[in-house]
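Every chain is numbered from 1 and lettered A, B, ... according to where its sequence line falls, protein lines coming before strand lines.
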2 protein chains.
Amino acid sequence: MDSIDTRILHALQRDSSRPVADLANELGLSASACHRRIKSLEASGIIAGYSARLSRRKMGFNLLVFVEITLRSQERSVLDGFEAAVRAAPDILECHLTSGQADYTLRVVARDMDDYDRIHRDCLAALPDVSSMHTTFALRPIKFWQGYPVR
Amino acid sequence: MDSIDTRILHALQRDSSRPVADLANELGLSASACHRRIKSLEASGIIAGYSARLSRRKMGFNLLVFVEITLRSQERSVLDGFEAAVRAAPDILECHLTSGQADYTLRVVARDMDDYDRIHRDCLAALPDVSSMHTTFALRPIKFWQGYPVR
DNA sequence: AGCTTTGCGCAAGATTGTTGCGCTGATATT
DNA sequence: AATATCAGCGCAACAATCTTGCGCAAAGCT
């Protein structure tokens, strides 16, 4: 992991669709050398995969919501049951066990308030052993996810 | 945007590196038809781009932190100044203006507690007009981001 | 029915990814 | 100091994939 690898990671996080030769010559490297470095980063697992980034707005998801959930108990079986339900719910995009007041922090998107109401009723309120729920709406994106820092 | 487009989006969010021909024949389509659909989704902006997904752990970022920040005032100039500072800070991965107690919610990663201490001092505490800060650590990932739902 | 539009598959050609080979420079070994 | 070993590079050929023009067929419209 030298400074060239770093620059490769930086570039590929931003745009993985451009030809290796392009990237290579931006780095003052031959295409084959660059290609082999990329393959090696993939093999090591640092590059976990490649994805298409979709536009949330163009997809019609106008609402981004963070939901904090506290459970009724901390028994292992309760946590396991809750987590399994979360993983099975397609409307829950992301979930972390967290420190602080709440137990879990979730990320959810919805088309509009009606849609969020549906998700709230059918998905969130259906999760097992929830004691309390705290909802935060994202009003405006200030800075979008653009990958991890790679100095 | 029919059901074929939907399945294309679903597949490309998971893995955008496989040959179009593969995907095409999974969908019972010719490679050229599939290719043209993809290009059209790109042109419409629904597909915003392609990225490499990096492994947070393999990158050495053992800490994932959510930070809620409240500002001293709601004057336009204060908000603007704060937001500009956030955008300029490489350690802040994501930031949203949010409803609720706090004004902003940030996402940050760090290598370890020492590193987080550095970020806290040099980056977060250096943001202008912060009145209060509330930190939440992610203890364990329950569900990872895997793209938007595309029924 | 006739016309237009849309989306398809086929196939050729252009682009990009992939790999064997030999070279060089750095480091280790005697 | 001389030699051996190794990692990483560029070149060039080859393979895989992308891209596009063309003709066809089904669906919508007048």
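- Sorted by first and then second residue, the ring pair (Phe, Tyr, Trp, His ring centres under 6.0 Å) pairs involving residues 77-102 of chain B (not counting sequence neighbours) are A:F66-B:H96, B:F82-B:Y104.
- To the nearest 0.5 Å, atoms CZ (B:R7) and CG (B:L23) are separated by 9.0 Å.
- Residues forming a ring-ring contact (aromatic ring centres under 6.0 Å, His included) with B:F144 (at least two apart in sequence, or on another chain): none.
- In the helix from C:dA1-D:dT30 to C:dT30-D:dA1, the terminal helix axes, each the rotation mapping four pairs' C1' atoms onto the next four within five end pairs, subtend 30°, rounded to 10°.
- To the nearest 0.5 Å, atom CE of residue B:M59 and atom CZ of residue B:R111 are 7.0 Å apart.
- Contacts of B:Q13 classified as side chain to side chain contact (heavy atoms under 4.5 Å, CB included), with partners at least two apart in sequence or in another chain: A:L54, B:Y148, B:V150.
- Between A:A52 and B:S16 the shortest heavy-atom distance is N-CB, 3.7 Å.
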**Request:** Apply the test salt bridge (charged side-chain N to carboxylate O under 4.0 Å, His left out) to residues A:D114 and A:R118: give CA-CA distance (whole Å), side-chain angles for both, the deciding distance (0.1 Å), then the verdict.
**Result:** CA-CA 6 Å; A:D114 284 353; A:R118 173 190 66 77; over 6 Å; no

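- Atom-to-atom, CD1 of A:I8 to P of D:dG8 comes out at 12 Å; the value is rounded to the nearest Å.
- Under the 3.5 Å distance criterion, the side-chain polar atoms of A:R72 are left unmatched by any main-chain donor or acceptor of A:D129.
- Residues from residues 20-48 of chain B with heavy atoms under 4.0 angstrom of DNA chain C, sorted by number: B:L29, B:S30, B:S32, B:A33, B:R36, B:R37.
- Put simply, chain A comes within 4.0 Å of DNA chain C, heavy atom to any atom, from C:dT16 to C:dG20, going 5' to 3'.
- Here the closest non-hydrogen pair linking B:S17 and A:Y50 is CB-CD1, 3.8 Å.
- In this structure, the side chain of B:T98 engages the main chain of B:D103 through a donor-acceptor pair within 3.5 Å.
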